[in-house]
Visitor: 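One structure follows; several queries about it will come next.
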Amino acid sequence: MSDTQNAQRAPDAARASCILALANQKGGVGKTTTAINLAAGLAEHGLSVLLIDLDPQGNASTGLGIGYDARRQGTYALLMDDVPMADLSQDTEIPGLRIVAADTELAGAELELVMADRREFRLRDALSRAGSGFDVILIDCPPSLGLLTLNALVASDGVIVPLQCEFFALEGISQLVRTVDRVRRAFNSDLHVAGIVLTMYDRRNNLSELVAADARSFFGEQVMETLIPRNIRISEAQSHGRSVMAYDSRSSGAMAYQALADEVIARNSLKTPGKKKARA
Ligand code: ADP
Ligand code: MG
């Protein structure tokens, strides 16, 4: 990576007001869960939100009720072909939330990108070309620091890092923070850590408290105030293809993700038109 590559940047006139990647190279830490429920929480505030499923596993797509049968062209076409966004994004059950689903070809994208022209900028270019029309774009990354995640980091204003409250959680995160620094220097001077979110917090478990305290002493203000508790309603909701707010609005998980949406709005100075009554 070198600074000369900055010159390759495409004009960004049509970017969304805020693009945030959910990234952590560890799997199972709550990236997808946070992407889905944060997106839903932001949409409930009346923001128009796009979720891009950049993980070939497609859990964000399934978790929002878009099964394999319902998927048309999605993220692969966005990265590799010149398909307009209008043809790629689809409605979800949540008003104000659209998704670009993970299509089956996405599994091959990591390899194909190696040979592609402007390989680190494919997503950024596509989002600039597509025009935004969205207030917020969230990108759910795969569990690796390969070219797919790199594309997300180059296209984003900020990174939200879900951190699972368990042993070794902090080990991987310094590698991620170093990657964010390198991407900022080489490709995207705007990029910053928009927040570290502590997930699957279990108040009955001392380890959760220790990890949370360690994270706060090490990363300070970068750690979001909102703690996401371990709550079975969160994973149940996902298996029903719904946000936890839609599934059980009184659960601790729903309240936590609503609070996280409030905090993301405040931290990123997002302008909300006022809260929508999105739930039945
Ligand atoms: P990642 O996208 O980082 O791989 P996921 O969001 O898919 O991680 O979460 C991994 C698993 O943990 C999923 O089965 C999900 O339903 C579950 N899970 C995530 N967050 C919570 C939580 N706060 N409480 C209970 N289960 C959770
Ligand atoms: Mg995931």
Side-chain angles (χ1 to χ4, degrees), residues 20-44 48-80 83 85 87-110 123 126 134 136-144 146 148-149 151-152 160-162 164 197 199-200 228 230-249 251 253-254 256-258 260-261 278-280:
L20 298 171
L22 282 294
N24 185 330
Q25 72 274 24
K26 263 189 100 172
V29 298
K31 288 181 290 297
T32 301
T33 305
T34 301
I36 291 173
N37 293 300
L38 175 59
L42 293 171
E44 280 196 21
S48 71
V49 184
L50 177 69
L51 176 55
I52 298 178
D53 189 351
L54 195 59
D55 185 349
Q57 291 181 59
N59 294 339
S61 311
T62 324
L64 277 171
I66 316 282
Y68 282 100
D69 296 347
R71 290 186 209 169
R72 13 177 188 145
Q73 284 189 300
T75 315
Y76 177 86
L78 184 67
L79 286 169
M80 296 304 197
V83 184
M85 180 68 88
D87 294 343
L88 295 180
S89 64
Q90 44 188 311
D91 279 329
T92 65
E93 274 182 12
I94 298 159
L97 174 58
R98 289 176 70 81
I99 183 167
V100 179
D103 34 16
T104 42
E105 296 95 331
L106 189 59
E110 191 86 55
L123 185 57
F134 295 96
V136 188
I137 297 180
L138 298 182
I139 306 170
D140 184 28
C141 292
S144 73
L148 284 172
T149 297
N151 264 269
I160 293 181
V161 185
Q164 189 182 351
V197 189
T199 63
M200 299 183 232
I228 307 297
R230 185 177 281 286
N231 175 214
I232 187 74
R233 305 305 257 173
I234 291 177
S235 44
E236 282 173 8
Q238 237 165 326
S239 65
H240 288 86
R242 308 184 75 186
S243 73
V244 67
M245 295 81 139
Y247 182 70
D248 182 354
S249 63
S251 61
Y257 273 113
Q258 200 50 260
L260 186 69
R279 284 177 239 150

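Only a predicted model underlies this, so the values are computations on that prediction, with no experimental measurement involved.
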Visitor: Look up atom CD in Glu110 and atom OG in Ser144, then write down how far apart they are to the nearest 0.5 Å.
Guide: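 Those atoms lie 5.0 Å apart.
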Visitor: State whether the side chain of Arg233 and the backbone N or O of Ser251 hold a donor-acceptor pair below 3.5 Å, judged by distance alone.
Guide: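 Not confirmed, Arg233 side chain does not pair with Ser251 backbone.
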Visitor: Would you call Ser249 and Gln258 a side-chain contact if the rule is heavy atoms closer than 4.5 Å?
Guide: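 Sidechains of Gln258 and Ser249: no contact.
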Visitor: Could you tell me the separation between the OH atom of Tyr257 and the CG atom of Asn37, rounded to the nearest 0.5 Å?
Guide: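 Taking OH in Tyr257 and CG in Asn37, the distance rounds to 5.5 Å.
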Visitor: Are side-chain heavy atoms of Met85 and Val100 found at a separation under 4.5 Å?
Guide: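 Yes. Closest side-chain heavy atoms under 4.5 Å.
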Visitor: Does some side-chain heavy atom of Asp87 sit less than 4.5 Å from a side-chain heavy atom of Gln73?
Guide: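 No - every pair of side-chain heavy atoms lies 4.5 Å or more apart.
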Visitor: Looking at every non-hydrogen atom in both residues, tell me the closest pair between Ala43 and Ile94 and how far apart they are.
Guide: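 The pair with the smallest heavy-atom distance is CB-CG2, 4.1 Å.
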Visitor: What closest approach, in Å, do Ala152 and Leu123 show between heavy atoms, and which atom pair accounts for it?
Guide: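 Smallest interatomic distance, heavy atoms only, reads CA-CD2, 4.0 Å.
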Visitor: Once you round to the nearest 0.5 Å, how far does CG of Leu106 lie from CG of Asp53?
Guide: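 Those atoms lie 7.5 Å apart.
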Visitor: Of the non-hydrogen atoms in Asp140 and Ala60, which two are nearest, and what is the gap between them?
Guide: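 What the structure gives for the nearest pair is OD2-CB, 3.6 Å.
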Visitor: Using 0.5 Å steps for rounding, measure from the CG atom of Leu38 to the CG atom of Leu51.
Guide: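 The CG atom of Leu51 is 9.5 Å from CG of Leu38, to the nearest 0.5 Å.
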Visitor: Which heavy atom of Leu64 sits nearest a heavy atom of Leu97, and at what distance?
Guide: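 The pair with the smallest heavy-atom distance is CD1-CD2, 4.0 Å.
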Visitor: Just wondering, do Val197 and Leu260 contact through their side chains at under 4.5 Å, heavy atoms?
Guide: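 Counting from C-beta outward, Leu260 and Val197 do come under 4.5 Å.
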Visitor: Would you say the side-chain atoms of Gln25 and Thr149 include a donor-acceptor pair closer than 3.5 Å?
Guide: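 Distance-only check fails for Gln25 and Thr149.
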Visitor: Give a yes or no on whether the backbone of Ala21 and the side-chain of Lys31 come within a donor-acceptor separation of less than 3.5 Å.
Guide: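 No: the side chain of Lys31 does not pair with the backbone of Ala21.
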Visitor: Locate the shortest heavy-atom distance separating Leu88 from Ala77; write the atom from each residue and the value.
Guide: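 Heavy atoms only, the tightest pair is CD2-CB, 3.8 Å.
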Visitor: Is Pro56 close to Leu148 at the side-chain level, that is, under 4.5 Å between some pair of heavy atoms?
Guide: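 A side-chain contact under 4.5 Å exists here.
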Visitor: To the closest 0.5 Å, what do you measure between CD1 (Ile139) and CD1 (Ile160)?
Guide: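 It is 11.0 Å, given to the nearest 0.5 Å.
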Visitor: Can a donor-acceptor pair be found, under 3.5 Å and without considering hydrogens, that links the side chain of Thr199 to the backbone of Ile228?
Guide: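 Answer holds: no.
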Visitor: Would you confirm whether Ser61, through its side chain, and Ile66, through its main-chain N or O, come within 3.5 Å as a donor-acceptor pair?
Guide: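 Not a single qualifying donor-acceptor pair exists.
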Visitor: Provide the closest heavy-atom pair for Ser48 versus Phe134 in the form atom of the first, atom of the second, distance.
Guide: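 Closest pair (atom of Ser48, atom of Phe134, distance): OG-CA, 3.3 Å.
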Visitor: Does any part of the side chain of Cys141, heavy atoms only, come nearer than 4.5 Å to the side chain of Leu22, both counted from C-beta?
Guide: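 In short, these two side chains do not touch, never coming nearer than 4.5 Å.
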Visitor: Are Leu79 and Leu54 side-chain neighbours, meaning at least one heavy-atom pair lies under 4.5 Å?
Guide: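 In short, these two side chains touch, coming nearer than 4.5 Å.
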Visitor: Using 0.5 Å steps for rounding, measure from the CD atom of Gln164 to the CG atom of Asn24.
Guide: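 These two atoms lie 9.5 Å from each other.
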